[in-house]
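Structure first, commentary second.
Heavy atoms only: backbone and side chains are in, while hydrogens, waters and symmetry mates are out. For clarity, every value in this text was computed on a predicted model and none was experimentally measured.
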Amino acid sequence: LKSSESDRPISEIQLVLLGRAHVLHGGYELPLRTRKTLALVAYLALEGSTRRSKLAGLLWSDLDRASGLANLRREIFRLHPTPLWSLLEINADTVGFHLVPPSDVTQFNACLEAGQLHEALTCYGGPLLDGLDLQGAEGFERWLVDRQADLLEAYLGALLNHAGALEASGDLRGALAAHLEFLRKDELQELVHCQIMRLHALLGERELALRRFVRLKEVLAQQLGLTPLPETTAMAERIRLVQSDAGFCLAVSDPGLGKTRLMEEFARSRTATVLIQGMEATMATPLTPLAEALRQAMANPASAVRMATLPA
């Protein structure tokens, strides 16, 4: 049977499932009788119409089939006084929504598919059904853990893609913030620590970059009994050397001896450098090489940000 239409349209119902789970109706939180009622609503919204026997096994894993089905009937009936009742389709063998109420999970996935990374990240309010502890529902708990892992993986992937887009646009500070947010969710990702070190260095914050390396060593040692990869250690050493090096390097020799290649290699080993190349043809206009170098540097987002931090 399909229950009768509610007084309010479905657009006034919103399931908030990421973070602390609750149901909104007309902008106000809708009280539900039990936590298992909320779990049932969330499961049907995300998984669709489901056999009664499966729902009973998920939510009352510790009971026999008959007892689980009886409890399920009670939970379904508890939805009768609520606006959700009008959206349900209840059959002898299955239960589901004939009109699925909108949820932040649905919106999160839709934004990801549309490539709207910022909007998707805004939708993610935390782990799915965070803190919803149920008694005797081992089957539901296993489903929830898997779903939480899938959503977290999607969120972290979106964070990295968003960080890359921000850096490409020249927003190094925004890219850094996105990587730091990633580590708040998963601190074991060495590659993300490396990106943070690199961005700190590009922003001229070499001490912070080196502190990040120290933190990485602590995390790997304490949680995994490991040390950073050689590439990561080499990056930290380069940052340390740049921190202690002078800010100016000059190469002078006769033409054709490889000065350009030598200085390009040197520049690649440093962060946010400005390479100035003087030639005999520019002797009459000695500032021309400097002007050209500055134009090229300002076209590079990393160099532009670094130069903006220099005193006037």
Any non-hydrogen side-chain atom of [X] less than 4.5 Å from a side-chain atom of [Y]?
| X | Y | answer |
| --- | --- | --- |
| I13 | L24 | no |
| F140 | L129 | yes |
| P101 | L87 | yes |

What donor-acceptor contacts under 3.5 angstrom involve side-chain atoms of residues 50-59, with partners at least two apart or in another chain?
residue	atom	partner	partner atom	Å
T50	OG1	G48	O	2.8
R52	NE	N91	O	3.0
R52	NE	A92	O	3.2
R52	NH2	N91	O	3.2

Checking the side chain of [X] only, and the main-chain atoms of [Y] only, is there a donor and an acceptor separated by less than 3.5 Å?
| X | Y | value |
| --- | --- | --- |
| K36 | Q135 | yes |
| R35 | D133 | yes |
| H22 | R20 | yes |
| Q14 | G27 | no |
| S67 | D64 | no |

| Where is the tightest heavy-atom contact between C123 and L18, given as atom of each residue plus distance? | O-CD1, 3.7 Å
| query | Which heavy-atom pair separates L17 from A42 by the least distance, and what is that distance? | reply | CD2-CB, 3.9 Å
| Is E205 paired with R211 through a side-chain N to carboxylate O contact shorter than 4.0 Å? | no
| task | Look at R240 together with E207 and state whether they make a salt bridge at an N to O cut-off of under 4.0 Å. | result | no
Once you round to the nearest 0.5 Å, how far does [atom1] of [X] lie from [atom2] of [Y]?
| X | Y | atom1 | atom2 | result |
| --- | --- | --- | --- | --- |
| E167 | R173 | CD | CZ | 12.5 Å |
| L30 | L32 | CG | CG | 5.0 Å |
| L166 | L172 | CG | CG | 9.5 Å |
| L69 | L63 | CG | CG | 10.5 Å |
| L44 | S49 | CG | OG | 7.5 Å |
| R78 | I76 | CZ | CD1 | 11.5 Å |

| message | Can you confirm whether the side chains of T34 and E75 place a donor and an acceptor under 3.5 Å from each other? | response | yes
Can you list, pair by pair, the side-chain donor-acceptor contacts under 3.5 Å of residues 106-118, counting residues two or more places apart and other chains?
residue	atom	partner	partner atom	Å
T106	OG1	S103	OG	3.0
N109	ND2	V105	O	3.3

| query | Is the number of heavy atoms from other residues, nucleotides or ligands within 6.0 Å of CD (E47) greater than 12? | reply | yes
| message | Let's go through R73 and F77 carefully: what are the C-alpha distance in whole Å and the side-chain angles of both, what is the deciding distance for side-chain contact (heavy atoms from CB on, under 4.5 Å) to 0.1 Å, and is it a yes or a no? | response | CA-CA 6 Å; R73 284 193 296 272; F77 186 73; over 6 Å; no
Could you tabulate the donor-acceptor pairs under 3.5 Å formed by side-chain atoms of residues 212-221, not counting sequence neighbours?
residue	atom	partner	partner atom	Å
R215	NE	E187	OE2	2.8
R215	NH1	E218	OE1	3.4
R215	NH2	E187	OE1	3.1
R215	NH2	E187	OE2	3.2

| said: Does L128 form a side-chain contact (heavy atoms from CB on, under 4.5 Å) with L46? I'd like the steps, not just the answer. | reply: CA-CA 11 Å; L128 178 67; L46 297 179; 4.1 Å; yes
| message | For R142, give me all partners under side chain to side chain donor-acceptor pair (under 3.5 Å), at least two apart in sequence or on another chain. | response | none
| task | Apply side chain to side chain donor-acceptor pair (under 3.5 Å) to T82 and list each qualifying residue two or more places apart in sequence or on a separate chain. | result | none
Same cluster for [X] and [Y] if Ile/Leu/Val/Met/Phe/Trp/Tyr side chains link at under 4.5 Å?
| X | Y | result |
| --- | --- | --- |
| V16 | L121 | no |
| F97 | I90 | yes |
| L208 | I239 | no |

For residues 174-186, which side-chain donor-acceptor pairs fall under 3.5 Å, sequence neighbours excluded?
residue	atom	partner	partner atom	Å
H179	ND1	A175	O	3.0
E181	OE1	R184	NE	2.9
E181	OE1	R184	NH2	3.1
E181	OE2	Y155	OH	3.3
D186	OD1	L188	N	3.2
D186	OD2	Q189	NE2	3.1

| request: Apply side-chain contact (heavy atoms from CB on, under 4.5 Å) to the pair W60 and L134, showing each step before the final yes or no. | output: CA-CA 9 Å; W60 293 275; L134 304 178; over 6 Å; no
| Passes side-chain contact (heavy atoms from CB on, under 4.5 Å), R206 versus H200? Steps please. | CA-CA 6 Å; R206 294 184 176 87; H200 274 311; over 6 Å; no
